[in-house]
K.L.:
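Structure in structure tokens, see below.
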Amino acid sequence: MIDRRYFRYFDWISFGLTMVLVAVGLVFVFSATYRSDMPLSFQFKKQLAGVGVGLLVYFAFCMIDIKRLARWGVAGYWIAFTLLLYAIIGGWIALGARRWLSLYFFRFQPSEIIKLFMPVFMASYFSELELPKYHIRPPIPIHDFLIPGGLLAISFLLILKQPDLGTALLVLFSGLILFWFIGMPRGFFLALALCGVLAAPILWRCLKPYQQNRILVLMGYGDVRKERYQMEQSKIAIGSGGLTGKGLLKGTQNKFDFLPEDHTDFIFSVICEETGFVGALSVIALYLLLFTRIVFVIMHVSSFFETIVALGLLAHILISVVVNIGMVTGLLPIVGIPLPLVSYGLTNLWITLASLGWLNNIAIRRFYY
């Protein structure tokens, strides 16, 4: 039997906003992959089925007892970390990257699972140190961050090795955000930033040629028919949408295959072209409302453990939205980060829904104690 309080305290606002964004994603995956000879594409059917499974994932993470979920989450982190190691050796290769594991009927990226379970591992680790000053008198001694910091660095390097610079940076910054809120000395972040600036020439040489080209493209270099092609086509799609757009299924950049990856990383460009400034602003507003609601919930969570978990779950979704919209509009380099809940891709969709379900679980249980 489900406790009546579950329905009373269920966060219908965040759930409703999540479902609207999922619906937007389905509409534009349909539009981006529509062809007159095959209106319902394989990608759309797969995404539609993925949404059905994703809802089950959402409610599973929303209904399981939060203490049990925390224990499973720590175990899940170690499993994901092990799979990340295995992916470097025996992973499935696609588009020149060894980042997928195959279950014959389904492929997934262990790096996506790391994003889900890393926050609960961090929260569990610092909670078990039994230092009440953590959430009363920060900062915390730097040596207390050696183990989680080391694991974060190894995860970053493993994902970078695949190579997947976008996800590697996303995991790194999500972890650093958690360290900031937990109470890492502020001087560490200043020192880290200074080291990054001084080591920039060395880091530049460590990047692969295509990664260097993406940064150069952001700075205005490159041929519009080669290195700048993807960026230029995205800007054309966004600009041609005007105020209200060309209309659903009437976007020329994606219909005539000018815009690469239109149903995955660059789906926001399709939204801009077909619904214009009004549609793009509406999608951004939906994300802002969702994030505002989650922040409101986090502010009313009294448990240190649950606060850190909630911040970590929010961080990877928020960073993904900012980076994706930034890269398709030419404000950030192209790094291959999908738009959460909207872009085609089952692994990212399920991890995002699991994170939001977990956040709703925290929102519900904060009234229980």
Side-chain angles (χ1 to χ4, degrees), residues 18-58 92-97 99-109 112 166 225 229-242 244-276 278-280 282-283 286 320-321 324-325 327-329 334 336-353:
T18 298
M19 290 300 99
V20 173
L21 285 167
V22 168
V24 169
L26 285 174
V27 169
F28 286 98
V29 168
F30 168 76
S31 178
T33 59
Y34 176 87
R35 297 293 181 270
S36 57
D37 57 334
M38 185 179 294
L40 297 180
S41 66
F42 170 77
Q43 291 90 342
F44 173 75
K45 293 176 182 178
K46 188 176 178 180
Q47 188 76 354
L48 184 61
V51 168
V53 176
L55 285 174
L56 297 178
V57 172
Y58 180 96
W92 192 79
I93 300 175
L95 300 177
R99 66 183 67 158
W100 286 270
L101 294 180
S102 178
L103 297 178
Y104 298 103
F105 58 90
F106 174 70
R107 294 192 298 269
F108 69 96
Q109 299 182 51
E112 293 287 336
R225 296 183 180 180
Y229 180 80
Q230 201 168 20
M231 180 75 75
E232 292 298 325
Q233 294 303 319
S234 177
K235 289 182 178 180
I236 291 172
I238 293 171
S240 64
T244 57
K246 299 177 180 177
L248 191 66
L249 303 178
K250 296 180 180 179
T252 55
Q253 292 304 110
N254 67 305
K255 291 305 168 200
F256 296 142
D257 294 327
F258 290 113
L259 181 64
E261 307 298 332
D262 52 359
H263 61 296
T264 54
D265 297 343
F266 283 80
I267 197 167
F268 188 74
S269 302
V270 177
I271 294 174
C272 292
E273 183 180 24
E274 298 189 351
T275 63
V278 174
S282 299
V283 171
L286 287 170
S320 295
V321 171
N324 180 273
I325 294 178
M327 74 179 190
V328 302
T329 54
I334 297 173
I337 296 292
L339 187 61
L341 301 175
V342 177
S343 292
Y344 169 80
L346 299 190
T347 305
N348 184 266
L349 174 67
W350 292 343
I351 293 299
T352 304
L353 287 174

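Computed from a predicted model, the values in this text were never measured in an experiment.
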K.L.:
Using the side-chain hydrogen bond (donor to acceptor under 3.5 Å, both in side chains) criterion, which residues pair with Q253? Sequence neighbours excluded.
P.N.:
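side-chain hydrogen bond (donor to acceptor under 3.5 Å, both in side chains) check on Q253 returns Q233.
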
K.L.:
Taking C-beta and beyond as the side chain, do H263 and V270 meet within less than 4.5 Å on heavy atoms?
P.N.:
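A side-chain contact under 4.5 Å is absent here.
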
K.L.:
So which heavy atom on A237 is nearest to which on S269, and how close?
P.N.:
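So the two residues come closest at CB-O, 4.0 Å.
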
K.L.:
If I take atom CG from residue L248 and atom NZ from residue K246, how far apart are they, to the nearest 0.5 angstrom?
P.N.:
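Result: 13.5 Å between the selected atoms.
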
K.L.:
Considering non-hydrogen atoms only, spot the tightest contact between P338 and P340 and give its length.
P.N.:
O-CD, 3.3 Å

K.L.:
Would you say L341 and L353 make side-chain contact, with heavy atoms under 4.5 Å?
P.N.:
yes

K.L.:
Quick check: closest heavy atoms across S31 and E274, and the distance to 0.1 Å?
P.N.:
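Nearest heavy atoms, S31 then E274: OG-OE1, 2.7 Å.
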
K.L.:
Of the non-hydrogen atoms in T252 and E273, which two are nearest, and what is the gap between them?
P.N.:
N-OE2, 3.0 Å

K.L.:
Hey, can you tell me if F44 and F30 have their rings parallel, tilted or perpendicular (30° and 60° cut-offs)?
P.N.:
perpendicular

K.L.:
Indicate yes or no for a side-chain donor-acceptor contact from S282 to the backbone of V278 under 3.5 Å, with no hydrogens or angles considered.
P.N.:
yes

K.L.:
Say you draw a straight line from CD1 of I334 to CE of M231; how long is it, rounded to the nearest 0.5 Å?
P.N.:
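With rounding to 0.5 Å, CD1 (I334) is 4.0 Å from CE (M231).
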
K.L.:
Nearest 0.5 Å, what's the CG-CG distance between D265 and L259?
P.N.:
10.5 Å

K.L.:
Are the side chain of Y34 and the backbone N or O of F28 linked by a donor-acceptor pair below 3.5 Å?
P.N.:
no

K.L.:
With sequence neighbours left out, write down each residue that passes side-chain contact (heavy atoms from CB on, under 4.5 Å) with N324, or none if nothing qualifies.
P.N.:
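In terms of side-chain contact (heavy atoms from CB on, under 4.5 Å), with neighbours along the sequence ignored, N324 is linked to F268, M327, V328, L339.
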
K.L.:
Taking all non-hydrogen atoms of both residues, which atom of N348 and which atom of E112 are closest, and how far apart?
P.N.:
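The pair with the smallest heavy-atom distance is ND2-OE1, 3.4 Å.
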
K.L.:
Do Q43 and T264 have side chains that get closer than 4.5 Å, going by heavy atoms?
P.N.:
no

K.L.:
Could you report the tightest heavy-atom contact between L21 and V342, atom names first, then the distance?
P.N.:
O-CG2, 3.7 Å

K.L.:
Can you tell me how far the OH atom of Y344 sits from the OG1 atom of T33, to the nearest 0.5 Å?
P.N.:
9.0 Å

K.L.:
Rounded to the nearest 0.5 Å, what separates atom CZ in R35 from atom CG in L249?
P.N.:
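Here the rounded value is 10.5 Å.
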
K.L.:
Quick check for you: to the nearest 0.5 Å, what is the distance between I238 atom CD1 and I271 atom CD1?
P.N.:
10.5 Å

